[in-house]
Amino acid sequence: MAWLDSGSERLQVGFKEIKNFRDQEKVNKFLAMTNRAIRELGLLNASENIRYFAKVIRCYWPNRQFKSAHPEFKTPPRELAFDAYSAPDWDFYKTSGEGTAAFLATLIKQYQSSSPDGLKVLEWGCGPARVIRHLPGVLGAGTDVSGSDYNEKSITWCSRNIPGVTFLTNELNPPLKLSGNCFDVCYSISVFTHLSNDVCRAWVKEIYRVLKHGGIFITTTNGESKLEDLFPDEIEKYRSEGVVVRGNFEEGKKMYFACHSPKYLAENLFKCFEVLEHRSANFPFTAQDMWVLRK
């Protein structure tokens with residue numbers, strides 16, 4: 001009857017896995033409800049401060065080891081990394097930055113050949129240069145790379161520490177301090193995911209303005225893959241209106257959350273562009289939707 005004992009053991013393991021899955025579901029639902037209550041009570045700033053110090057403590061030894069292994073690699077102040085990526089983790093900062101830059105370089109070479117006077121590239125929302133610092137190296141000599149951000153402290157640090165890139169500040173709302181029709185490529189990573197719909201519309205027009213005719217815009221959004229994180233009323237709004245925004249926090253910061261349906265984006269927000277490619281939950285290190293658009 002060994003087969004019976006073996007089957008019984010497998011059944012018990014199966015029930016245990018189901019129970020663990022259900023327990024995890026309960027934990028996730030509890031955390032989501034707690035987060036919503038904290039947001040609605042206006043306590044997210046306090047919550048974020050606690051998360052910041054907890055991550056600084058957790059990353060202390062790994063970061064010391066990183067610094068020992070990479071003494072010449074300049075890292076931004078921890079609070080700037082946390083503000084941008086929730087991760088004052090230098091191994092993640094370097095590894096994800098290099099990987100994302102290589103991914104972008106492949107896309108750029110696929111969709112945009114170099115112009116006669118060299119390629120001009122802009123990152124809108126560059127933060128403390130996690131990605132953009134690697135672009136001159138992967139795109140090659142002759143590429144003109146610029147980055148903008150509304151966090152003045154990030155731009156100050158970048159300007160003093162990252163060579164080969166031009167940095168400038170912008171406000172929450174456009175315009176950029178740039179002339180029109182001047183970039184071959186613009187990209188943004190997890191920026192529309194933290195803006196209201198009106199501000200998104202304004203920035204789409206502004207990115208369109210600064211791109212050359214035929215220029216491409218690579219960007220990311222939260223889409224279908226985030227539905228499991230939404231509440232029933234939010235899912236209903238996502239289905240009916242195409243947009244869900246969680247406010248009660250400073251707009252532009254990572255805890256200000258926006259989710260857009262691909263249909264809404266293609267037919268509304270991005271309608272002034274030609275959609276060359278859309279990949280669901282495919283952008284590296286973010287699991288966000290990726291869009292490649294042409295002016």
>> If only side-chain N and O atoms count, and only distance matters, is there a donor-acceptor pair under 3.5 Å linking Glu251 with Ser196?
In response: yes

> Between the side chains of Asn181 and Lys295, does any donor sit under 3.5 Å from an acceptor?
Replying inline: yes

> Can you check salt bridge (charged side-chain N to carboxylate O under 4.0 Å, His left out) on Glu236 and Arg239, steps first, answer last?
Replying inline: CA-CA 5 Å; Glu236 183 179 347; Arg239 297 296 189 201; over 6 Å; no

> Any donor-acceptor pair under 3.5 Å linking the side chain of Ser261 with the backbone of Tyr264?
Replying inline: yes

>> Whether Glu48 and Lys254 form a salt bridge (side-chain N of Lys/Arg under 4.0 Å from carboxylate O of Asp/Glu) is what I want to check.
In response: yes

> How close do Leu195 and Trp203 get, heavy atom to heavy atom, and via which atoms?
Replying inline: CD1-CD1, 4.2 Å

>> Using every non-hydrogen atom in the two residues, find where Pro128 and Trp157 come nearest and quote the distance to one decimal.
In response: O-CZ3, 3.6 Å

> Taking atom types as modelled and ignoring hydrogens, do the side chains of Tyr111 and Glu277 form a donor-acceptor contact shorter than 3.5 angstrom?
Replying inline: yes

> Do you know which two heavy atoms are closest between Lys67 and Phe73, and how far apart they sit?
Replying inline: NZ-O, 3.8 Å

>> Would the distance check show the side chain of Thr95 and the main-chain N or O of Phe92 forming a donor-acceptor pair, the cut-off being under 3.5 Å?
In response: no

> Judged by atom type as modelled, is there a donor-acceptor pair below 3.5 Å linking the side chain of Thr193 to the main-chain atoms of Ser190?
Replying inline: yes

> How close do Pro136 and Val145 get, heavy atom to heavy atom, and via which atoms?
Replying inline: CG-CG2, 4.2 Å

> Does the gap between the ring centers of Tyr52 and Phe82 come in under 6.0 Å?
Replying inline: yes

> Are Arg160 and Phe167 in a cation-pi setup, meaning NZ or CZ lies under 6.0 angstrom from the ring centre and within 45 degrees of the ring axis?
Replying inline: no

>> Does the Lys NZ or Arg CZ of Lys55 fall within the cation-pi geometry relative to Tyr60 - under 6.0 Å from the ring centre and within 45° of the axis?
In response: no

>> Checking the side chain of Arg279 only, and the main-chain atoms of Met290 only, is there a donor and an acceptor separated by less than 3.5 Å?
In response: no

> Hey, would you say the Phe273 and Tyr208 ring centroids sit under 6.0 Å apart?
Replying inline: yes

>> Taking CZ in Arg209 as the centre, count heavy atoms belonging to other residues, nucleotides or ligands within less than 6.0 Å. Is the count above 12?
In response: yes

> Does Asp289 use its side chain to pair, donor to acceptor, with the backbone of Ala281 at less than 3.5 Å?
Replying inline: yes

> Can Asp184 and Lys120 be counted as an ion pair, charged N to O under 4.0 angstrom?
Replying inline: no

> Shortest non-hydrogen contact from Ala258 to Asn222?
Replying inline: O-ND2, 3.0 Å

> Under 6.0 Å between ring centres, would you say that holds for Phe283 and Trp291?
Replying inline: no

> Can you name the nearest heavy-atom pair linking Lys94 to His134, along with the distance?
Replying inline: O-NE2, 4.0 Å

>> Run Lys263 and Glu267 through salt bridge (charged side-chain N to carboxylate O under 4.0 Å, His left out) and show every step you take.
In response: CA-CA 6 Å; Lys263 184 176 186 294; Glu267 296 179 359; 3.1 Å; yes

> Should Glu234 and Arg246 be marked as a salt bridge (charged side-chain N to carboxylate O under 4.0 Å, His left out) after you check the CA-CA gap, both sets of side-chain angles, and the distance that decides it?
Replying inline: CA-CA 9 Å; Glu234 292 175 325; Arg246 291 177 181 170; 2.7 Å; yes

